[in-house]
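The chains referred to below are lettered A, B, ... by the order of the sequence lines, with proteins before strands, and numbering in each begins at 1.
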Protein chains: 2
Amino acid sequence: MSKIVECIPNFSEGRNQEVIDGLVKTAKSIPGVTLLDYSSDASHNRSVFTLVGDDNSIQEVAFQLIKYASETIDMTKHQGEHPRMGATDVCPFVPIKEITTEECVEISKKVAERVNTELNIPIFLYEDSASRPERQNLAKVRKGQFEGMADKLLEEDWAPDFGDRKIHPTAGVTAIGARMPLVAFNVNLDTDNVEVAKSIAKIIRGSSGGYKYCKGIGLMLEDRNIAQVSMNMVNFEKCSLYRTFETIKFEAKRYGVNIIGSEIIGLAPAKALVDVAEYYLQVEDFDYGKQILENHLLG
Amino acid sequence: MSKIVECIPNFSEGRNQEVIDGLVKTAKSIPGVTLLDYSSDASHNRSVFTLVGDDNSIQEVAFQLIKYASETIDMTKHQGEHPRMGATDVCPFVPIKEITTEECVEISKKVAERVNTELNIPIFLYEDSASRPERQNLAKVRKGQFEGMADKLLEEDWAPDFGDRKIHPTAGVTAIGARMPLVAFNVNLDTDNVEVAKSIAKIIRGSSGGYKYCKGIGLMLEDRNIAQVSMNMVNFEKCSLYRTFETIKFEAKRYGVNIIGSEIIGLAPAKALVDVAEYYLQVEDFDYGKQILENHLLG
């Protein structure tokens, strides 16, 4: 069994097809790595790549992509709607199989060190790799964006984790870290009143007193004229999907509102859903690693 | 993505360690095949092997195992509690990944033909590979066992699918076929009255008018003093675990009995449980192949 790690680097280029093609080519050039997906957004001027590989290959591909981005993306000329601070803005490593979060923290630190040493880009470690609590949250790390980073690095609390207090002139600053896989999970309600979804989102999300590992907002699905609680489950092992689902169900009852369906957007680890099945079927003593047949197949 | 097939041959030897070791050695000798598990039962005098491999390797390993069994197991001397008709008694092929049941039927027929041609063992195709409805059920095919097979093959309806109407003198007859993965799923009740479990089992199992793809019995868990509905879910795509679970729940209510837990025994395909999560979370439009991250990892 080999260790499998997912890496989802975000690059500050979503318009120049030549650069995007170069990133794709680089992503595909490392043996042991599979490029699962990539998407570019012109208004954000940003591209998100999803790669998986073993614990060594994933480090190599992350480094090569950050290197290529630093050579081709000039942040002094970058414009786009999405907040950003570097040519490679952020590069998370996610444990998928036969590997712990702690090992992914080690991987993130190794890549961070190499990027700084060879490319001279200052690095903030974030999420589970963060060196202090206020650096866990990417939004806080990135605050000030590329344009404000030169000054930010000089602030007492914002020396980078790797490198000097000096931005790379064109590639800026990069955040690197380990985090759990994220599951995008939306719950649809039989109401056209978005306020119901908004007040439920406020109850369930960690930032306003709900479940620590749930982020959520309420919004309207205009085409269906229904309200939705849209969530990012940032640690499905510590907060399973069924828990927010059942909480939304009983909170919605206060308004005479029911759940009419849910959506899982993009990729989800099988375990996030097997955990849900275990709960509803009241399964005793299930061993995910041993009892799921596919877990014996990954080479 | 390569096609992945599971093969679970049952051999009529559970006592002679030398023969069992030889089977293990043979199982491990084919590149592309992984021996997931094997277990031998002395009172049954039978060994069950669980192998996975790509669509070609799995055929080769199945043939080599059947060949080895035919050279080392003498059915004229076999005694054991479990019904059996051949040195290799039964050899099912199960679709696991990127492969259909129909393709596994083809695989089963190719192996059946080769076994008959090279080893001169008559073959009955069973389950999804069966040439007629009464051959789907292994128990019906095997009825008469090794000792009765010579006569059975001469009966009008029981010409083998491959081979002449004549058993192999020491290796007997083998059943080969494709079937869906089976999930062993038990539901525990808060009663010490086994009759409740027995009457619920009768309601849910296909053979007495319940769900076609569910086999079930009621029994006591003596050590816990509770009754259990013990099931084999033989096609979780056509009858998901949640369906029997919810049916047991509402049938048990008639007796004032509740479900207190469930058990999944041995291996289960991830999809069997992801399907359950989809039901309870009311997930709209989930694409198992595309949205489960691990499905992109199998080489």
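Contact of the A/D54 side chain with the A/V5 side chain is not registered, since no non-hydrogen atoms from C-beta on lie closer than 4.5 Å. Using a 4.5 Å heavy-atom cutoff, the side chains of A/I260 and A/I226 are in contact. The shortest side-chain heavy-atom distance between B/N10 and B/R46 falls under the 4.5 Å cut-off. Counting heavy atoms from C-beta on, the side chains of B/V183 and B/P269 come closer than 4.5 Å.
With respect to the salt-bridge test (charged N to carboxylate O, under 4.0 angstrom), the residues B/E103 and B/K3 qualify.
Heavy atoms closer than 4.5 Å to chain B are found in the side chain of A/N188, but not in its backbone. Looking at A/L36, the atoms closer than 4.5 Å to chain B (heavy atoms on both sides) all sit in the side chain, from C-beta outward. Within the 4.5 angstrom heavy-atom criterion, no atom of B/D287 approaches chain A. In this structure, the portions of B/I259 lying under 4.5 Å from any heavy atom of chain A include both its backbone and its side chain. If you measure heavy-atom distances from B/V283 to chain A, the contacts under 4.5 Å come from both the backbone and the side chain. Heavy-atom distances place no part of B/Y279 under 4.5 Å from chain A, backbone and side chain included. Contacts of B/E278 with chain A are absent, with no heavy-atom separation under 4.5 Å from either backbone or side chain. Heavy-atom distances place both the backbone and the side chain of A/Y280 under 4.5 Å from chain B.
Heavy-atom neighbours of chain B within the stretch residues 236-249 of chain A, taken at a separation under 4.5 angstrom, comprise A/L241, A/Y242, A/F245.
Among the candidates A/L281, A/V276, A/I292, the residue making the largest number of heavy-atom pairs closer than 4.5 Å to chain B is A/L281. Counting heavy-atom pairs closer than 4.5 Å to chain A, the top residue among B/A277, B/S262, B/A268, B/G53 is B/S262. Between chain A and the options B/I264, B/T50, B/V52, B/V274, the largest number of non-hydrogen pairs under 4.5 Å is found for B/I264.
In the model, B/E98 has no side-chain atom that pairs as donor or acceptor with a side-chain atom of B/N295 under 3.5 Å. Between the side chains of B/N186 and B/S230, a donor-acceptor pair is found at a separation under 3.5 Å. Side chains of A/Y126 and A/S108: a donor-acceptor N/O pair is absent below 3.5 angstrom, by distance only.
By the neighbour-count criterion of 12 heavy atoms within 6.0 Å, atom OH of A/Y38 is sparsely surrounded, having that number or fewer from other residues, nucleotides or ligands.
Taking every heavy atom of both residues into account, A/A178 and A/S129 meet most closely at N-OG, 2.9 Å.
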Dump the intermediate steps for side chain to side chain contact (heavy atoms under 4.5 Å, CB included) on A/T34 and A/L51, then the final yes or no. CA-CA 6 Å; A/T34 306; A/L51 306 134; over 6 Å; no
